[in-house]
Amino acid sequence: MTAPLAAALPLAFYARPTLRVARALLGKILVHRSAAGIAAGRIVEVEAYRGPEDRAAHTAGGRRTARNEVMWGPGGRLYVYFTYGMHHCCNVVTRGPGEPEAVLLRALEPLAGLALMRRRRNRPDLPVAALARGPGNLCRALGIDRRHDGALLTTGPIVVLDAPPVRASMVAVSPRIGVAYAGDHALRPWRFFLRGSSAVSGRRVGESLRRAGRAS
DNA sequence: CTCGCGATTCGCT
DNA sequence: GCGAATCGCGAGG
């Protein structure tokens, strides 16, 4: 039996506290194999959403609806939602059934399928680092939409491949982006990104100052 | 059923 | 820095 160079992360990877999963996802490889071809990138920016107690989460206050139903299920599936009338965002569901938490994938460093990503973005002149920078752009570049809501990440067509852990000193933290409506919860340092990556979206505040410490 | 708004992005000022 | 684009969702009547 030949072992694959990189195996899909097992379900146990996702069935852990969400902040841990969020940080551990940095450096892993997101792959989408579709009829159009293969597109893949290294995860360089994520945000944790921590369920009923987290006012920034779609499951804040225990909200359970058709849209966020997947978040209520077991970890290891994709939660994809549509927003602003034009963008998709994709999350990795964490923990177990009844613990509706997830990690939003905000940016990838493109590794494979660059031409396909460019075609999907419909922006021929974009630099590589910008192809999957930002949650909406990431979904667009990888061809992810609501049809993939609930997809199991261990079996494809979308998988997360294991890769060596990134050094703790390379991980920066900051408050989450675009959640001002959540009041003081918007200040929680639950965004994690790779220091120095040009594929990270938005402001990279905290990159040079803060280290990723224990966040709660 | 109506209505307000969003875990965003891009282009213009 | 600001606002438009654009529509499904979710709360409330």
Side-chain angles (χ1 to χ4, degrees), chain A residues 14 18-19 21-23 25-26 30 41 43-73 75 77-95 99-108 110 117-151 158 172-193 198-206 215:
Chain A
Y14 303 99
T18 302
L19 294 180
V21 176
R23 260 182 285 194
L25 279 169
L26 291 176
L30 182 70
I43 298 170
V44 296
E45 180 188 357
V46 300
E47 283 176 359
Y49 286 87
R50 297 190 65 194
E53 318 306 317
D54 179 4
R55 290 207 298 280
H58 288 171
T59 50
R63 224 164 58 215
R64 183 169 188 164
T65 66
R67 177 176 68 152
N68 70 23
E69 182 60 27
V70 172
M71 281 187 74
W72 289 86
R77 291 178 184 270
L78 216 51
Y79 165 49
V80 184
Y81 66 90
F82 183 63
T83 191
Y84 290 103
M86 63 190 98
H87 301 297
H88 293 275
C89 294
C90 75
N91 302 251
V92 168
V93 176
T94 59
R95 307 200 66 181
E99 301 173 309
E101 309 196 1
V103 176
L104 173 67
L105 305 182
R106 291 193 56 93
L108 304 180
M117 291 190 197
R118 261 190 235 285
R119 208 177 319 139
R120 282 171 169 156
R121 288 295 310 275
N122 199 26
R123 304 278 303 274
D125 299 333
L126 278 184
V128 171
L131 286 173
R133 179 199 283 154
N137 292 334
L138 183 159
C139 284
R140 182 101 187 258
L142 263 73
I144 295 172
D145 60 42
R146 278 234 92 194
R147 294 192 301 263
H148 302 104
D149 187 48
I158 299 168
V173 301
S174 83
R176 295 170 293 183
I177 293 176
V179 295
Y181 58 84
D184 52 308
H185 289 200
L187 300 177
R188 296 181 172 189
W190 291 348
R191 171 175 176 246
F192 303 90
F193 59 99
S198 56
V200 167
S201 75
R203 294 178 194 154
R204 283 146 51 174
V205 283

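Here is the naming used below: chain letters follow the sequence lines, and residue numbers restart at 1 for every chain.
In secondary-structure terms, DNA chain B builds stems of at least 3 consecutive Watson-Crick or G-U pairs, each pair having both distances under 3.5 Å, at B:1-6 with C:7-12, B:8-12 with C:1-5.
One can place OH of A/Y181 at 13 Å from C1' of C/dC9, the figure rounded to the nearest angstrom.
The stretch residues 82-91 of chain A participates, sequence neighbours left out, in no side-chain hydrogen bond (donor to acceptor under 3.5 Å, both in side chains) pair at all. The stretch residues 118-135 of chain A participates, sequence neighbours left out, in no salt bridge (charged side-chain N to carboxylate O under 4.0 Å, His left out) pair at all.
In this view, A/R64 and A/E69 satisfy the side chain to side chain donor-acceptor pair (under 3.5 Å) rule, not counting sequence neighbours. Every residue two or more places apart in sequence or in another chain was checked for a side chain to side chain donor-acceptor pair (under 3.5 Å) with A/R63, and none qualifies. With sequence neighbours left out, A/S201 forms a side chain to side chain donor-acceptor pair (under 3.5 Å) with A/E45, A/R106. Residues satisfying the side chain to side chain donor-acceptor pair (under 3.5 Å) criterion with A/D184, sequence neighbours excluded, are A/R55.
Within residues 53-69 of chain A, the residues having any heavy atom under 4.0 Å from DNA chain B are, by residue number, A/A56, A/H58. Near DNA chain C, meaning a heavy atom under 4.0 Å from it, residues 117-128 of chain A has no residue at all. Using a 4.0 Å cutoff on non-hydrogen atoms, the parts of residues 133-149 of chain A near DNA chain C are A/R146, ordered by number. Near DNA chain C, defined here as any heavy-atom distance below 4.0 Å, the residues from residues 83-93 of chain A are A/Y84, A/G85, A/M86, listed numerically.
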Can you tabulate the close N/O pairs, meaning under 3.5 Å, that link protein atoms to atoms of nucleotides 1-3 of chain C?
unit_1, atom_1, unit_2, atom_2, d
C/dG1, OP1, A/R203, NH2, 3.3

